[in-house]
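Written below as structure tokens is the structure these notes are about.
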Number of protein chains: 2
Amino acid sequence: MISDKIQQELENLTRAERQLAHSILDNYPASGLGPLSALAKSAKVSVPTVARMVQKLGFKGYPEFQAELREELKAKVKNPIAKHDTWAEGAPSEHMLNQFTDAVIDNIRLTLGQIEPRLFDEACALVAASNTHLYVVGGRITHTLAEYLFLHLQTIRPKITHIQSTSNAWPHYLLDVQKGDVFVIFDMRRYENNTLKLAEIAHAKGAKIVLFTDQWRSPIDALADITFSNRIEVPSAWDSAATTLLLIETMISAIQNLSWNETKDRMEELEELFDRTKLFRKFN
Amino acid sequence: MISDKIQQELENLTRAERQLAHSILDNYPASGLGPLSALAKSAKVSVPTVARMVQKLGFKGYPEFQAELREELKAKVKNPIAKHDTWAEGAPSEHMLNQFTDAVIDNIRLTLGQIEPRLFDEACALVAASNTHLYVVGGRITHTLAEYLFLHLQTIRPKITHIQSTSNAWPHYLLDVQKGDVFVIFDMRRYENNTLKLAEIAHAKGAKIVLFTDQWRSPIDALADITFSNRIEVPSAWDSAATTLLLIETMISAIQNLSWNETKDRMEELEELFDRTKLFRKFN
DNA sequence: ATACTTCTGATAAATATTTTCCAGAAATTT
DNA sequence: AAATTTCTGGAAAATATTTATCAGAAGTAT
């Protein structure tokens with residue numbers, strides 16, 4: 001790392017160079033990524049001093065020095081957390097289990113890093129609001145995620161509908177949409193026309209839209225009040241929904257907390273119901 | 001933030017510009033801090049395209065664009081939260097987003113740590129074997145996971161059926177089960193009686209069972225040939241399916257690789273059918 | 001299918017940056 | 001304190017980068 005190298009060389013540097021070195025380390029690496037002249041000015045040394053020091057550090061020239069700084073930055077953004085070298089112990093790191101898990105953790109990190117907590121909280125409030133009707137919409141693959149969310153929310157709040165945009169019955173559901181109703185829409189790449197149409201109608205009717213999409217963003221983004229863009233790339237011919245599921249589950253949990261008082265009874269009642277029908281075994 | 005601005009403007013950008021935008025976001029902000037020509041090259045667009053886009057984004061020129069990127073970087077590094085003990089930067093570590101993600105990562109680590117890669121590979125082989133019929137079984141909540149697996153495998157292999165154990169039609173599906181057929185069964189806590197019954201019949205008919213369950217293990221474990229026990233505990237009134245989804249997706253990817261030659265054509269055909277995005281240029 | 005518009009990239013011109021050179025300043029040695 | 005060495009920064013030269021121009025390609029509408 002360049003900052004280490006600078007620290008190490010600090011002894012062998014001249015006064016002006018040391019002054020420069022401190023300036024570089026001061027807000028590393030941003031200061032080194034601008035033009036040489038700007039760095040010289042902010043360190044209050046001359047332009048040639050910078051040029052010379054960079055060569056002293058072993059670089060052919062300032063551009064090469066910058067290139068390495070950028071590489072460092074790239075690497076830092078890619079894996080800031082000590083990379084767990086293998087997840088499945090006893091499998092080589094090239095094993096799909098490890099490769100795939102690495103990718104998913106990366107996706108989670110990058111996705112969460114870009115979420116604004118305030119917006120997340122807002123989305124939770126919208127989804128929790130039990131005075132409006134809630135529609136959960138998924139497409140060909142994503143309807144599984146939509147249903148997962150639906151099944152949980154069903155326990156927490158009333159007035160909730162799961163619409164599969166691939167079904168040709170969906171226009172019927174939209175008849176009763178009121179202004180202020182909330183749509184949670186899932187649309188990942190190979191964005192579906194049906195889903196877009198549905199979103200447009202919902203939007204026209206004055207409904208609010210919370211969108212879960214990928215990093216390239218479904219066109220519905222333009223209509224959405226809140227969008228969550230999830231990283232979905234994994235070493236596979238398909239995309240990963242793991243990050244999205246994480247967000248869904250977090251949202252469910254957050255909503256649960258918001259409205260625990262109201263839902264407590266519902267939950268217990270349901271528990272009771274499932275027991276009677278003997279769908280579930282008693283759990284100790 | 002520039003990345004936000006880019007995503008926001010994405011609509012108004014032309015095809016080449018969009019391609020560039022994605023390249024910038026791909027490893028943000030490092031890629032934008034190098035020379036314009038390097039960025040153009042890595043995004044595979046021409047130099048003027050880059051120049052035009054930064055102006056479209058409201059900057060006087062590329063240097064000004066870079067200057068703002070550097071300012072962002074400086075601010076981010078200065079911010080004490082850049083210490084990566086939080087996932088959603090800008091949210092306190094007590095925020096549900098961070099708490100929940102911590103728990104899920106923990107679950108992934110613990111689950112993967114207990115998996116025997118050999119068994120995982122075996123399970124993949126069982127699920128991939130296209131000479132036998134494959135049944136995917138889920139319960140009240142887990143049928144969403146089952147369907148997720150089903151939808152993907154459908155593309156890869158023939159002879160596959162998704163059974164919902166809560167449906168009262170499932171006994172019909174079991175009529176044709178042959179010895180050697182494979183069942184992938186999902187059964188998480190509040191283990192379902194129906195699912196157990198189904199597993200018993202399948203087992204009696206000589207079918208092989210791959211079971212996805214939680215760390216306390218469904219009673220089906222006794223009948224299963226291979227069991228994956230997933231950690232599912234999160235700070236929530238419900239359990240997390242994230243780890244299980246990760247395993248499912250990994251399995252899909254592994255199976256895909258096993259049978260790539262056979263499925264390549266199927267995939268490409270589908271790709272063509274679903275691709276309406278026109279976002280990306282065709283690969284050469 | 002044709003005309004029209006918009007977009008794209010090769011090239012050239014303009015601008016900015018980096019490097020080199022050198023004279024004078026600062027530090028060190030004698 | 002003088003001589004010597006090392007360091008520093010101004011300015012010019014060399015190089016690289018950015019911006020503007022324009023013709024042809026791609027896409028759209030008629």
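All values reported here derive from a predicted model rather than from experimental measurement. Here is how names work: the chains are called A, B, and so on, in the same order as the sequence lines, proteins then strands, and each is numbered from 1.
- By the 4.5 Å heavy-atom criterion applied to side chains, B:Leu25 and A:Gln215 are not counted as neighbours.
- Between A:Met53 atom CE and D:dC7 atom C1' there is a gap of 15 Å when expressed in whole angstrom units.
- For A:Lys41, the NZ atom counts as loosely surrounded, since its 6.0 Å shell holds 12 or fewer non-hydrogen atoms of other residues, nucleotides or ligands.
- Heavy-atom contacts from other residues, nucleotides or ligands closer than 6.0 Å to OH of A:Tyr173 number 12 or fewer.
- A straight line from CZ of A:Arg18 to C1' of C:dA27 spans 13 Å, rounded to a whole angstrom.
- As rounded to whole Å, 11 Å separates atom P of D:dC7 from atom CG of A:Asn12.
- Ring geometry for A:Tyr135 against A:Phe183 counts as parallel: the plane angle stays under 30°, on a 0 to 90° scale with 60° as the upper cut.
- The side chain of A:Thr14 contributes no N or O atom lying less than 4.0 Å from OP1 or OP2 of D:dC7.
- Counting only N and O atoms by type, the side chains of A:Ser165 and A:Thr195 include a donor and acceptor under 3.5 Å apart.
- Using a 4.0 Å cut-off, no side-chain N or O of A:Ser46 falls inside it from OP1 or OP2 of D:dT8.
- For the pair A:Lys44 NZ and D:dG9 P, the interatomic distance rounds to 13 Å; values are reported in whole Å.
- At a threshold of 4.5 Å between non-hydrogen side-chain atoms, the residues A:Met188 and A:Thr244 count as touching.
- When rounded to the nearest whole Å, the span between CG of A:Leu20 and P of D:dC7 equals 15 Å.
- Other residues, nucleotides and ligands contribute more than 12 heavy atoms inside 6.0 Å of the NZ atom of B:Lys5.
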Protein-nucleotides 17-21 of chain D N/O pairs under 3.5 Å:
from: D:dT18; atom 1: OP2; to: B:Leu36; atom 2: N; distance (Å): 2.5
from: D:dT19; atom 1: OP1; to: B:Tyr62; atom 2: N; distance (Å): 3.2
from: D:dT19; atom 1: OP2; to: B:Tyr62; atom 2: N; distance (Å): 3.3

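- If you take CZ of A:Arg15 and P of C:dT28, they are 11 Å apart, rounded to a whole angstrom.
- In this structure, the side chains of A:Val136 and A:Phe186 come closer than 4.5 Å at one or more pairs of heavy atoms.
- Rounding to whole angstrom units, CD of residue A:Glu17 and P of D:dG9 are separated by 10 Å.
- Atom NZ of A:Lys56 is separated from atom P of D:dT6 by 12 Å (rounded to the nearest Å).
- Each end of the helix from C:dA1-D:dT30 to C:dT30-D:dA1 gets its own axis, taken as the rotation carrying the C1' atoms of four end pairs onto the next four within a five-pair window, and the two axes meet at 30° to the nearest 10 degrees.
- A salt bridge does not link B:Glu9 with B:Lys56: every distance from a Lys NZ or Arg NE/NH1/NH2 to an Asp or Glu carboxylate oxygen is 4.0 Å or more.
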